[in-house]
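Before any comments, here is the structure.
All values reported here derive from a predicted model rather than from experimental measurement.
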Amino acid sequence: MKKKWLAVLLSVAVLAGALPGCAISTTKEPEDGGAESTEGTENTEDTGGAEDAEDVVVMKDEDMEGREQISLWFWGAEPYAQEAFKKILVDKYNASQEDYQLVVEFRPSVDADIKTALAANQGPDIIYGSGPSFVMPLVDAQKLENMDEYAEEYGWKDKILEPYYESGTVHGSLYSLVNGVSAMGVFYNKKVLEDNGWEVPETIEEMEAIMDEALEKGMYASVTGNKGWQPVNENYASLFLTHIASPKTMYNVLTGEESWVNDDVKAAFEKSKEWWDKGYLAGEDYVNLTFSESLQLLADEKSPFFVGPSMAFQWAASFFTGDKEENIVFIPFPATEQVPDTTYTLGACCTLSINANAEDSHKDEAAKIIDMMMNAEFMQEMTAAWPGYWGTPLKDLSAVDSGGMSYLSAEFVKVVSDISDAVNQGNFGYYDNTFFPPATQTRIVNIDEVWYETSTVDEYVQSLEDEFRAEFENGMVPPIPKPNMD
């Protein structure tokens, strides 16, 4: 039954990919023979037409040819998201003055492209990063501008949640800002739970019982997959490190007080292996599903759950439409014995930095543009048009009015507010691409070694300890905010 449905789903996806794409005025540049597109961001596993064609979409206003260009490379977002970006950021900035034009390029292989360009002391004025762990080596190589002066000018430290602000600092100085909150949790289909007499799970045991029953009914226990983007694996690794190993243990590990080789960390990876073995991660179709395909399955009532990041609201908008729109709900991962309170694994949609080799006047304008993205008005407008991605990590979200928003956008605002409350109480854990150094993050992505039994849990945690210890001694670990240690 599941294989038959998956075949139909993939056929629909192929047809959808052939439909007309971007509605905004763009030009397309040929690939420049640079970095391969095998490396991307956690968002590039679903990038609409841009990903399929491997095109760079350039957002540029031909009527402003006389202006100096401030450049930003971004991931290959879907056409509706590009339209929102143009209207709410690009057009507003360009209309705010007469000397500069913001030019945005949507690049499916943005991470690799930026690394290649910066290595040659080139690249855009505003640097996109897939997380603070991506930023750390660039700071070490002196490719990013120290942003302390701009932080003081715009008051960023006072208005941004401390764990997110601190995650962008290196040796006490600011080099990047997180654009949006992303936290691991659980999406569920409200209708599926109601039709099957299942209550919203409050504990991991209750969730596992529902997943067992779903499998017995021929459904998926949950849906997500890593087709085309192996780092989806890190979602589960990070989640279990939070809820099984616990934030307290992980704080001690990431600050060097404890080794990765400890029973709590081992238990987390053993739990992920248990879920894999039981088929809870979409079973054998885990390697055949993207986020979009998974969310279509959830919308079509083929599973009760989608375990993933809150940023998935942006893809849900394509499938939870019409009378299905209000069927999707996001909740924190259910309580475990180790972590009974509402707790979120904190991640980041992306980071924004300034190119150290940009012209000084361009650096000032880049900071101005970044500041435009770090306020409640921008979050409100972007979330209304593009739910899931622009949950600006502000300490105060009271100015964000969700009253006129669609269901999905309003739900996302509520989720970001709930995450903010949990952060203020210290109830948070650590998503690897935000708080782990780069080589350690790579090892986390390879958690499937444990799932496929090419490494034992003992071997795997020892490899993590070896990678982490070297990076820790070389000062490559981002600042680690302290959670509630009770």
Side-chain angles (χ1 to χ4, degrees), residues 46 180-211 213-214 217 219-224 235-236 239 242-243 280-282 289 291-336 339 341-347 349 383-384 386-391 397 400 402-423 427-428:
D46 276 315
V181 168
S182 181
M184 283 298 298
V186 179
F187 289 90
Y188 69 87
N189 187 312
K190 183 163 52 178
K191 186 174 184 298
V192 170
L193 265 61
E194 291 173 352
D195 288 350
N196 288 278
W198 295 326
E199 298 292 329
V200 178
E202 295 183 358
T203 68
I204 190 172
E205 291 82 9
E206 292 173 357
M207 183 175 176
E208 290 171 339
I210 292 173
M211 291 195 292
E213 290 187 35
K217 291 173 180 280
M219 304 167 70
Y220 291 93
S222 73
V223 281
T224 337
N235 292 346
Y236 295 97
L239 186 151
T242 294
H243 294 276
Y280 288 170
L281 311 187
L289 294 172
F291 275 8
S292 287
E293 291 161 349
S294 298
L295 285 162
Q296 183 170 342
L297 288 170
L298 186 69
D300 291 335
E301 303 172 27
K302 304 303 177 182
S303 176
F305 303 120
F306 171 105
V307 180
S310 57
M311 70 161 60
F313 271 102
Q314 65 185 316
W315 294 297
S318 297
F319 307 105
F320 286 85
T321 58
D323 60 1
K324 293 182 178 181
E325 182 180 16
E326 297 189 15
N327 286 351
I328 190 169
V329 182
F330 181 86
I331 57 173
F333 192 78
T336 62
V339 184
D341 297 324
T342 297
T343 300
Y344 293 94
T345 302
L346 296 186
C349 293
T383 297
W386 180 357
Y389 198 78
W390 297 96
L397 293 170
V400 178
S402 61
M405 294 183 182
S406 68
Y407 170 80
L408 288 176
S409 294
E411 279 293 295
F412 178 68
V413 171
K414 180 180 180 299
V415 167
V416 174
S417 179
D418 291 344
I419 293 170
S420 179
D421 289 343
V423 170
N427 294 333
F428 59 83

Sequence neighbours excluded and cut-off under 3.5 Å, please list the side-chain donor-acceptor pairs for residues 316-324, or say none.
| unit_1 | atom_1 | unit_2 | atom_2 | d |
| --- | --- | --- | --- | --- |
| K324 | NZ | D300 | OD1 | 2.6 |

TODO: Kindly give the heavy-atom pair with the smallest separation between L298 and F187, and that separation in Å.
DONE: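 The pair with the smallest heavy-atom distance is CD2-CB, 4.2 Å.
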TODO: Mind listing the closest non-hydrogen atom pair of F330 and M184 along with its distance?
DONE: CZ-C, 4.1 Å
Just how far is it from atom [atom1] of [X] to atom [atom2] of [Y], taken to the nearest 0.5 Å?
X    : Y    : atom1 : atom2 : value
F333 : H243 : CZ    : NE2   : 6.0 Å
I210 : L193 : CD1   : CG    : 5.0 Å
Q296 : W315 : CD    : CH2   : 15.5 Å
F291 : N235 : CZ    : CG    : 5.0 Å
M405 : T383 : CE    : OG1   : 5.5 Å
I419 : T342 : CD1   : OG1   : 11.5 Å

TODO: If the plane angle is over 60° it's perpendicular, under 30° parallel, otherwise tilted; pick one for W386 and Y389.
DONE: parallel
Within the distance-only criterion (no hydrogens, no angle test), does the side chain of [X] pair as donor or acceptor with the backbone N or O of [Y] below 3.5 angstrom?
X    : Y    : answer
N327 : N189 : no
S182 : P309 : no
T224 : V307 : yes
T203 : E206 : yes
Y220 : F306 : no

TODO: Verify the ring-centre separation between F305 and Y188: is it less than 6.0 angstrom?
DONE: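 Centroid separation for Y188 and F305: 6.0 Å or greater.
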Open item on the list: Just so I know, are the side chains of I328 and L295 near enough to count as touching, which here means a heavy-atom distance under 4.5 Å?
Closed with: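 Answer yes - side chains close enough.
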Task: Donor-acceptor pair between Y344 and S310 side chains, under 3.5 angstrom - done: no
- [ ] Could you note down all residue pairs passing salt bridge (charged side-chain N to carboxylate O under 4.0 Å, His left out) where residues 191-204 supplies at least one of them, sequence neighbours left out?
- [x]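 The answer is K191-D195, K191-E301.
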Task: Contact list for residues 409-418, test salt bridge (charged side-chain N to carboxylate O under 4.0 Å, His left out), sequence neighbours left out - done: K414-D418
Open item on the list: Applying side chain to side chain contact (heavy atoms under 4.5 Å, CB included), can you list everything that pairs with V416, at least two apart in sequence or on another chain?
Closed with: M379, L397, F412
Open item on the list: Test of understanding: with side chain to side chain contact (heavy atoms under 4.5 Å, CB included), list the residues that count as partners of A335, not counting sequence neighbours.
Closed with: none
TODO: Applying side-chain contact (heavy atoms from CB on, under 4.5 Å), run through M207 and V186 and close with a yes or a no.
DONE: CA-CA 10 Å; M207 183 175 176; V186 179; 4.0 Å; yes
Task: For S406, all residues meeting side chain to side chain donor-acceptor pair (under 3.5 Å), sequence neighbours excluded - done: S409
Task: Steps toward side-chain contact (heavy atoms from CB on, under 4.5 Å) verdict (L289, S294) - done: CA-CA 6 Å; L289 294 172; S294 298; 3.6 Å; yes
